[in-house]
A.B. asks: 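I am attaching a structure below and will ask some questions about it afterwards.
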Amino acid sequence: MMEARIAKLMESALNGTISRDERNELVRLLADRTDDTELNILLAQAWQNVNPQEDLLSNQEQQRILQTILAKAPTPRYRQRRFIRLVTAAASLLAFSVVTFLAYYYTRHVDAPPRG
């Protein structure tokens, strides 16, 4: 069962259609494996399913592909952008509030005659 799931995830990785969750699952499943020959067999089968016209992979190519699959995906930048947008919105709101307060204060208190 696990071998079939690993093979399916490897095919998705080779096709370039693997999602982030699937990549994480594949990395977790491959981290549990200690037998490189079994991984090479699964990779060769996935390669043949994806590219049936091409020759079998050499050991170096298999290792390179496995390293590429296992490489940590770059951190998504949308979270950083989201944070920057939030900070920008908060700073804009603060600046608007300060300007509004100062305008109110100076129109009511600076030119007003003393009370009393």
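Computed over heavy atoms, backbone and side chain alike; hydrogens, waters and symmetry mates excluded. Computed from a predicted model, the values in this text were never measured in an experiment. Residue numbers run from 1 in the order of the sequence given.
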A.B. asks: With sequence neighbours left out, write down each residue that passes salt bridge (charged side-chain N to carboxylate O under 4.0 Å, His left out) with E22, or none if nothing qualifies.
C.D. replies: none
A.B. asks: Looking at CG of L9 and CG of D21, how far apart are the two atoms once the value is rounded to the nearest 0.5 Å?
C.D. replies: 11.0 Å
A.B. asks: Find the distance between CZ (F101) and CZ (F96) and round it off to the nearest 0.5 Å.
C.D. replies: 14.0 Å
A.B. asks: Out of curiosity, T88 OG1 to L93 CG, how far, rounded to the nearest 0.5 Å?
C.D. replies: 12.5 Å
A.B. asks: Who passes side-chain contact (heavy atoms from CB on, under 4.5 Å) against L86, sequence neighbours left out?
C.D. replies: none
